Amino acid sequence: MDAGMFCFQCQETCANKACTVAGVCGKGAETANAMDRLIAELKRLAAALENKSEKVDGDTAEFLMRAMFATLTNANFNSERIAAFTREAQERTKRIDPSSPLPPVGVLAESNEDIRSLKELLTYGLKGVCAYADHAAVLGFHDNAVEQFLVHALASLTKELSADELTGLVLECGNAAVGAMALLDKANTETFGKPEITKVKTSVGTNPGILVSGHDLLDLKELLEQTEGTGIDVYTHGEMLPAHAYPFFHKYPHLAGNYGGSWYTQNREFASFNGPILMTTNCIVPVQDAYRERIFTTGVTGYPGVKHIADRKPGAKKDFSEIIVLAKQCKAPEQLDNQTLVIGFAHDQVLALADRVVEAVKSGAIRRFIVMAGCDGRSRKREYFTRVAEQLPKDTVILTAGCAKYRYNKADLGDIGGIPRVLDAGQCNDSYSLAVIALKLKEVFGLGDVNDLPLSFDIAWYEQKAVAVLLALLALGFKKIRLGPTLPAFLSPGVAALLVKNFGIQGTTEPDADIADMLG
């Protein structure tokens with residue numbers, strides 16, 4: 001196919017087929033092709049490591065994770081920074097085995113549709129695993145089994161493998177995703193404490209503010225330390241909202257609240273915030289002139305012409321002084337709304353309520369749990385998830401994590417005997433918490449199969465971390481997962497049929513029909 005680019009890794013890919021001129025996300029062909037070359041070089045590096053039986057040291061593993069993370073949708077739009085990752089991969093390969101060949105570059109290099117689909121499913125699952133494992137590595141936590149699998153899987157993608165062999169690797173990737181999310185859960189809770197039920201304001205104060213978006217809790221910690229006593233308030237945005245539930249952050253009164261909603265609304269919200277914005281990880285969209293001089297990236301995130309905060313040096317912290325100086329010159333944020341969000345329902349908190357939950361189920365007060373975790377996005381089809389939340393009977397409870405919650409977390413859906421009808425576990429990686437809750441309830445109810453629980457999945461997906469979460473759920477034994485607003489374009493009919501047959505994967509339809517099916 002003669003095209004400027006070919007990318008179909010996210011849910012918003014053009015016509016649910018592929019972006020071939022420019023990405024719907026805003027990514028240009030140059031950047032897309034640079035990412036394809038980077039992925040090929042990372043496969044080559046992994047193959048060199050495996051062929052030479054080189055031990056995967058922490059530095060190499062962290063490089064692979066960060067480089068893969070940088071290719072996530074909405075993570076990095078800066079071709080120069082992608083090229084820098086590519087050059088480093090080449091240098092690392094030369095030191096190990098300069099004869100290691102470069103595998104074919106680009107998705108369409110594989111002509112067999114089903115093999116291509118399985119390879120991309122594995123690749124995107126690996127990207128999600130790398131994102132979560134990188135978050136944990138930033139906090140000093142590593143899992144050698146996850147890192148070894150990353151190298152093995154990338155190296156395997158340079159070989160001629162059968163559909164069965166690739167399917168096996170995809171399922172192994174699900175186990176690696178479970179390991180990465182469990183590791184990140186441990187890293188976050190041991191560093192910042194176990195999440196607690198917390199009320200978060202969405203109103204604003206009169207002080208100038210700094211808005212922090214993305215997922216990196218260590219960046220937030222260091223920024224709060226550096227702004228303490230300066231008269232600057234710090235607000236969370238998007239996937240940073242769950243930070244408020246960690247006990248560590250409760251000691252900072254200038255962590256003032258949450259501003260705005262999901263990632264795709266940032267253009268309007270960043271313009272009205274008035275102060276500096278720090279993008280710590282993925283979910284940046286094409287930057288607008290209204291705030292171009294006030295936005296900063298850090299970590300793997302990048303955007304052309306946007307100032308970048310350098311990585312911390314060993315034993316040191318990131319330097320946010322430039323952001324702080326700018327904040328002091330800015331007006332206070334404009335208020336968007338004035339609500340209170342209740343968050344912090346990670347596995348420890350929910351399991352502390354286990355007796356009440358079990359009693360509510362046995363009495364019939366709670367008929368069913370609906371897991372509505374995952375991603376948000378621009379598509380009008382995503383109104384489906386708001387309608388489902390609003391139309392679910394009042395004897396159902398929504399378990400959520402990720403930015404999908406912004407479709408309904410400000411709605412007044414009430415509670416059941418004091419148990420809120422929306423239990424927000426946190427960021428997208430905290431979908432692990434929802435799985436832990438389900439597996440524990442299976443024990444409490446004495447069930448042999450987790451699929452016998454009064455539990456249904458209605459998952460919104462957007463990018464590759466959601467792919468890793470899906471594979472993790474399959475690895476843990478969950479079936480009949482409903483996925484929307486569309487099934488992934490990278491699933492060929494043959495691979496889609498395999499997932500339907502073996503795991504009962506299905507697409508969303510209409511709210512009324514899907515609710516009836518889930519409750520039935």
Side-chain angles (χ1 to χ4, degrees), residues 10-11 16 117-118 121-122 124-125 128-129 132 167 170-178 181 368-377 381-382 384-385 388-389 392 396-405 407-408 423 425 428-439 441-442 447 449-511 513-520:
C10 83
Q11 188 274 322
N16 205 42
S117 180
L118 288 167
L121 177 57
L122 176 58
Y124 304 152
V129 169
Y132 295 139
T167 300
V170 168
L171 297 179
E172 284 186 59
C173 188
N175 289 321
V178 173
M181 287 193 287
R368 200 160 191 85
F369 296 94
I370 312 295
V371 178
M372 293 179 67
C375 311
D376 199 3
K381 291 181 180 180
R382 290 179 183 273
Y384 160 93
F385 296 101
V388 168
L392 278 168
T396 58
V397 172
I398 295 170
L399 303 176
T400 191
C403 59
K405 62 172 149 276
R407 286 284 164 176
Y408 41 78
L423 300 180
C428 51
N429 54 279
D430 291 311
S431 299
Y432 170 77
S433 266
L434 304 181
V436 170
I437 291 166
L439 293 169
L441 288 177
K442 182 194 80 167
L447 299 173
D449 187 339
V450 72
N451 295 291
D452 292 333
L453 281 168
L455 178 74
S456 297
F457 289 86
D458 199 14
I459 303 294
W461 84 280
Y462 177 75
E463 39 87 301
Q464 299 77 60
K465 288 183 293 182
V467 176
V469 171
L470 173 64
L471 296 181
L473 291 173
L474 299 183
L476 290 169
F478 294 97
K479 295 187 177 182
K480 294 191 67 177
I481 296 172
R482 185 173 274 100
L483 198 63
T486 59
L487 289 179
F490 55 79
L491 293 182
S492 67
V495 173
L498 179 72
L499 292 175
V500 170
K501 177 182 177 181
N502 292 342
F503 301 104
I505 296 289
Q506 55 192 308
T508 55
T509 59
E510 292 296 322
D514 287 352
I515 289 171
D517 184 55
M518 288 187 285
L519 297 181

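Residue numbers run from 1 in the order of the sequence given. This structure is a prediction, so every number in the text was calculated from the model and none was measured.
- The side-chain contact (heavy atoms from CB on, under 4.5 Å) search around T396 returns R368, L392, P393, R421, L519, not counting sequence neighbours.
- Under the side chain to side chain donor-acceptor pair (under 3.5 Å) criterion, T508 pairs with no residue at all, not counting sequence neighbours.
- Distance check, rounded to the nearest 0.5 Å: CD of Q464 to SG of C375 gives 9.0 Å.
- Listed by first then second residue, pairs satisfying side-chain hydrogen bond (donor to acceptor under 3.5 Å, both in side chains) with a partner in residues 488-506 read D114-S492, R482-Q506, not counting sequence neighbours.
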Under 3.5 Å, side-chain donor or acceptor atoms of residues 397-404 against the rest of the protein: list the pairs with distances, not counting sequence neighbours.
from, atom 1, to, atom 2, distance (Å)
T400, OG1, M372, O, 3.1
T400, OG1, Y408, OH, 2.9

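- Of the inter-residue distances, the one linking I437 atom CD1 with F369 atom CZ reads 9.0 Å to the nearest 0.5 angstrom.
- For the pair V371/S431, no side-chain contact is recorded, criterion being any heavy-atom separation below 4.5 Å from C-beta on.
- Every residue meeting the side chain to side chain donor-acceptor pair (under 3.5 Å) condition with D449, not counting sequence neighbours, appears here in chain and number order: N451.
- Annotation: ring pair (Phe, Tyr, Trp, His ring centres under 6.0 Å) contacts of Y124 (sequence neighbours excluded): F490.
- Among all heavy-atom pairs drawn from G377 and R407, the shortest one is O-NH2, 2.9 Å.
- Evaluation of the ring pair (Phe, Tyr, Trp, His ring centres under 6.0 Å) rule for Y132 yields no partner, not counting sequence neighbours.
- Scanning both residues, W461 and L483, for their nearest heavy atoms gives CD1-CG, 3.9 Å.
- Remark: T486 pairs with Q11, N16 by the side chain to side chain donor-acceptor pair (under 3.5 Å) rule, at least two apart or across chains.
- For T167, the side chain to side chain donor-acceptor pair (under 3.5 Å) criterion is met by no residue, not counting sequence neighbours.
- In this structure, D430 has no salt bridge (Lys or Arg N to Asp or Glu O under 4.0 Å) partners at least two apart in sequence or on a different chain.
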Donor-acceptor pairs are to be reported for all side-chain atoms of residues 465-480 against protein atoms at under 3.5 Å, with residues two or more places apart or in another chain.
from, atom 1, to, atom 2, distance (Å)
K465, NZ, H215, NE2, 2.9
K465, NZ, N282, OD1, 3.2

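- Residue I481 holds its CD1 atom at 11.0 Å from CG of D458, rounded to the nearest 0.5 Å.
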